[in-house]
A.B. asks: 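One structure coming up, written as structure tokens, with questions to follow.
As the structure is a computational prediction, the values presented were derived from the model and not from experiment.
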Amino acid sequence: MPLPQKTETGYTTDYIYSLPDGQRAELIDGQVFDMAPPNTQHQRLIGRISYQIIRYIQKKGGKCEAFVAPFAVFLNADDRTYVEPDISVICNPDKLNEKGCNGAPDWIIEIVSPGSRHMDYMIKLFKYRSAGVREYWIVDPMKNRIQVYDFEHDEMEEYTFSDTVKTSVYEDFSIDFSEFA
């Protein structure tokens with residue numbers, strides 16, 4: 001079966017769902033961005049960070065849920081923008097369905113890989129902010145840096161892997177990145 005063709009307004013999620021098994025891509029405003037497989041360090045960080053978030057949510061209860069990639073986020077609740085953040089925390093259960101999340105998650109964490117640097121720091125930063133994501137973390141192991149964008153309060157803080165990083169999504173939750181060194 002041939003892949004769906006680009007329309008005058010770009011590609012839609014039909015293209016993403018028609019990709020061969022194992023091939024991943026994201027779609028931002030109708031433009032396709034191929035994704036390389038994550039490396040071991042990337043996967044370790046996703047596992048360790050998501051474990052702490054999920055454990056915290058389970059202890060506290062509430063409506064929030066955390067998901068790890070590959071997890072479909074239809075950022076604008078349309079068929080022209082589809083992303084797979086490394087970690088997504090969604091606190092509104094009405095945004096969730098069997099396909100993924102329709103609309104902006106509350107908190108997104110991206111782990112930077114050599115091939116994702118431009119996407120994470122530029123394209124996704126703008127897109128997540130404009131879509132209504134409350135908080136966005138860019139975790140960059142190559143630069144020993146964590147950038148925390150609190151879009152609700154229009155603030156950005158920068159940390160290293162020797163710091164404890166607090167989220168604004170939860171008043172009493174932080175992640176000690178020195179544990180990952």
A.B. asks: Can you sort out the partners of Phe177 under ring-ring contact (aromatic ring centres under 6.0 Å, His included), two or more places apart, ordered by chain and number?
C.D. replies: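 For Phe177, the residues satisfying ring-ring contact (aromatic ring centres under 6.0 Å, His included) (neighbours in sequence not counted) are Phe161, Phe180.
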A.B. asks: Within a radius of less than 6.0 Å around CD of Gln23, do more than 12 heavy atoms belonging to other residues, nucleotides or ligands occur?
C.D. replies: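 Count over threshold, so yes.
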A.B. asks: To check you understand the geometry: which heavy-atom pair defines the closest contact between Ala104 and Gly132, and what is its length?
C.D. replies: CB-C, 3.7 Å
A.B. asks: Determine whether Met142 and Val112 satisfy the following criterion, side-chain contact (heavy atoms from CB on, under 4.5 Å), listing intermediate values before the conclusion.
C.D. replies: CA-CA 8 Å; Met142 294 160 285; Val112 178; 3.8 Å; yes
A.B. asks: Please answer: with hydrophobic residues joined when any side-chain heavy atoms are less than 4.5 Å apart, are Val133 and Met119 in the same cluster?
C.D. replies: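 Yes.
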A.B. asks: Please report the interatomic distance CD(Glu179) to CD1(Ile49), rounded to the nearest 0.5 Å.
C.D. replies: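 Reported to 0.5 Å precision, the distance equals 11.0 Å.
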A.B. asks: Provide the closest heavy-atom pair for Leu27 versus Thr12 in the form atom of the first, atom of the second, distance.
C.D. replies: CD2-C, 3.3 Å
A.B. asks: Could you check whether any side-chain heavy atom of Ile108 comes within less than 4.5 Å of a side-chain heavy atom of Tyr149, counting everything from C-beta outward?
C.D. replies: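 No, too far: nothing below the 4.5 Å cut-off.
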A.B. asks: Under the side chain to side chain donor-acceptor pair (under 3.5 Å) test, which residues partner Ser162, sequence neighbours left out?
C.D. replies: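 Side chain to side chain donor-acceptor pair (under 3.5 Å) list for Ser162, sorted by chain: Thr160.
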A.B. asks: Do Leu96 and Ile90 touch side chain to side chain, with heavy atoms closer than 4.5 Å?
C.D. replies: yes
A.B. asks: Could I get the full list of salt bridge (Lys or Arg N to Asp or Glu O under 4.0 Å) partners for Arg48, not counting sequence neighbours?
C.D. replies: none
A.B. asks: Which pairs with one or both residues in residues 122-181 pass disulfide (SG to SG under 2.5 Å), sequence neighbours excluded?
C.D. replies: none
A.B. asks: Please find the pair of heavy atoms, one from Gln52 and one from Ser174, that lie closest to each other, and give the distance.
C.D. replies: OE1-O, 4.4 Å
A.B. asks: Would you be so kind as to tabulate the donor-acceptor pairs closer than 3.5 Å made by side chains of residues 72-79, with sequence neighbours excluded?
C.D. replies:
unit_1, atom_1, unit_2, atom_2, d
Asn76, ND2, Thr81, OG1, 3.4
Asp78, OD1, Arg80, N, 3.0
Asp78, OD1, Thr81, N, 3.2

A.B. asks: Work out which heavy atom in Ile87 is nearest to a heavy atom in Ile46; give both atom names and the distance.
C.D. replies: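 Scanning both residues completely, I find the closest heavy atoms to be CD1-O, 3.9 Å.
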A.B. asks: Keeping to residues at least two apart or across chains, list the disulfide (SG to SG under 2.5 Å) pairs with something in residues 20-85.
C.D. replies: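 Residue pairs passing disulfide (SG to SG under 2.5 Å), neighbours aside: Cys64-Cys91.
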A.B. asks: Please examine the side chains of Ile111 and Gln41, heavy atoms only from C-beta on, and report whether any two atoms are closer than 4.5 Å.
C.D. replies: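 Contact flag for Gln41/Ile111 side chains = no.
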A.B. asks: Taking OH in Tyr17 as the centre, count heavy atoms belonging to other residues, nucleotides or ligands within less than 6.0 Å. Is the count above 12?
C.D. replies: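 Yes, enclosed.
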A.B. asks: Less than 4.5 Å apart, any side-chain heavy atom of Ile123 and any of Phe33?
C.D. replies: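 When only atoms from C-beta onward are counted, Phe33 and Ile123 do touch, with a gap below 4.5 Å.
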A.B. asks: Can you measure from CD (Gln31) to OH (Tyr11) and round to the nearest 0.5 angstrom?
C.D. replies: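 Answer for the CD-OH pair, Gln31 versus Tyr11, is 10.5 Å.
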A.B. asks: Going from OG on Ser168 to CD on Glu155, what distance comes out if it is rounded to the nearest 0.5 angstrom?
C.D. replies: 8.0 Å
A.B. asks: For Arg24, what residues pass the side chain to side chain donor-acceptor pair (under 3.5 Å) criterion, not counting sequence neighbours?
C.D. replies: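 For Arg24, the residues satisfying side chain to side chain donor-acceptor pair (under 3.5 Å) (neighbours in sequence not counted) are Glu84.
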A.B. asks: Report the C-alpha distance between Ile53 and Val89 in whole Å, list the side-chain angles of each, state the deciding distance to 0.1 Å, and finish with yes or no for side-chain contact (heavy atoms from CB on, under 4.5 Å).
C.D. replies: CA-CA 9 Å; Ile53 295 168; Val89 177; 4.0 Å; yes
A.B. asks: Could you work out, with salt bridge (Lys or Arg N to Asp or Glu O under 4.0 Å) as the rule, every residue matching Lys127, not counting sequence neighbours?
C.D. replies: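 Asp29.
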A.B. asks: Mind listing the closest non-hydrogen atom pair of Asp120 and Ser113 along with its distance?
C.D. replies: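 Heavy-atom minimum between the residues: OD2-N, 4.4 Å.
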A.B. asks: Give a yes or no on whether the backbone of Met35 and the side-chain of Glu26 come within a donor-acceptor separation of less than 3.5 Å.
C.D. replies: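 No: the side chain of Glu26 does not pair with the backbone of Met35.
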A.B. asks: Between Arg129 and Asp154, does the side-chain contact (heavy atoms from CB on, under 4.5 Å) criterion hold? Intermediate values first, please.
C.D. replies: CA-CA 10 Å; Arg129 180 181 191 132; Asp154 202 27; 2.5 Å; yes
A.B. asks: Would a 4.5 Å heavy-atom cut-off, applied to side chains only, mark Pro85 and Ile109 as touching?
C.D. replies: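 A side-chain contact under 4.5 Å is absent here.
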A.B. asks: At their closest point, which heavy atom of Met156 faces which heavy atom of Glu158, and how far apart are they?
C.D. replies: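 Nearest heavy atoms, Met156 then Glu158: SD-N, 4.2 Å.
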A.B. asks: Are Lys63 and Asp94 close enough for a salt bridge, meaning some N to O gap below 4.0 Å?
C.D. replies: no
A.B. asks: List in chain and number order the residues that pass ring-ring contact (aromatic ring centres under 6.0 Å, His included) with Tyr159, two or more places apart in sequence or in another chain; answer none if no residue qualifies.
C.D. replies: none
A.B. asks: What pairs meet the salt bridge (charged side-chain N to carboxylate O under 4.0 Å, His left out) rule with one or both residues in residues 101-112, with sequence neighbours excluded?
C.D. replies: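 Applying salt bridge (charged side-chain N to carboxylate O under 4.0 Å, His left out) to every pair that reaches into residues 101-112, excluding sequence neighbours, yields Asp106-Arg134, Glu110-Lys124.
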A.B. asks: Please say yes or no: joined through hydrophobic side-chain contacts below 4.5 Å, possibly via intermediate residues, are Val165 and Tyr170 part of one cluster?
C.D. replies: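 They do share one cluster, since a chain of ILVMFWY contacts under 4.5 Å joins Val165 to Tyr170.
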A.B. asks: Examine Ile175 and Val169 and state if one hydrophobic cluster contains both, with Ile, Leu, Val, Met, Phe, Trp and Tyr joined whenever side-chain heavy atoms are less than 4.5 Å apart.
C.D. replies: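 Yes: a chain of side-chain contacts under 4.5 Å links Ile175 to Val169.
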A.B. asks: Does Arg145 form a side-chain contact (heavy atoms from CB on, under 4.5 Å) with Ile138? I'd like the steps, not just the answer.
C.D. replies: CA-CA 8 Å; Arg145 178 172 62 196; Ile138 302 174; over 6 Å; no
A.B. asks: Cluster question for you: counting only ILVMFWY and a side-chain heavy-atom cut-off of under 4.5 Å, with indirect links fine, are Phe71 and Ile54 together?
C.D. replies: no
A.B. asks: Quick check: are there more than 12 heavy atoms from other residues, nucleotides or ligands sitting under 6.0 Å from CE of Met122?
C.D. replies: no
A.B. asks: Mind checking whether Leu45 and Ile146 sit in one hydrophobic cluster, side chains of I, L, V, M, F, W, Y counted as touching below 4.5 Å?
C.D. replies: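 As far as the 4.5 Å side-chain criterion goes, Ile146 and Leu45 are connected within one cluster.
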A.B. asks: If you look only at pairs with a residue in residues 111-134, which of them pass as a ring-ring contact (aromatic ring centres under 6.0 Å, His included), with sequence neighbours excluded?
C.D. replies: Tyr128-Tyr136
A.B. asks: Check side chain to side chain donor-acceptor pair (under 3.5 Å) between Tyr56 and all other residues, then give those that pass, not counting sequence neighbours.
C.D. replies: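 Residues passing side chain to side chain donor-acceptor pair (under 3.5 Å) with Tyr56: Asp172.
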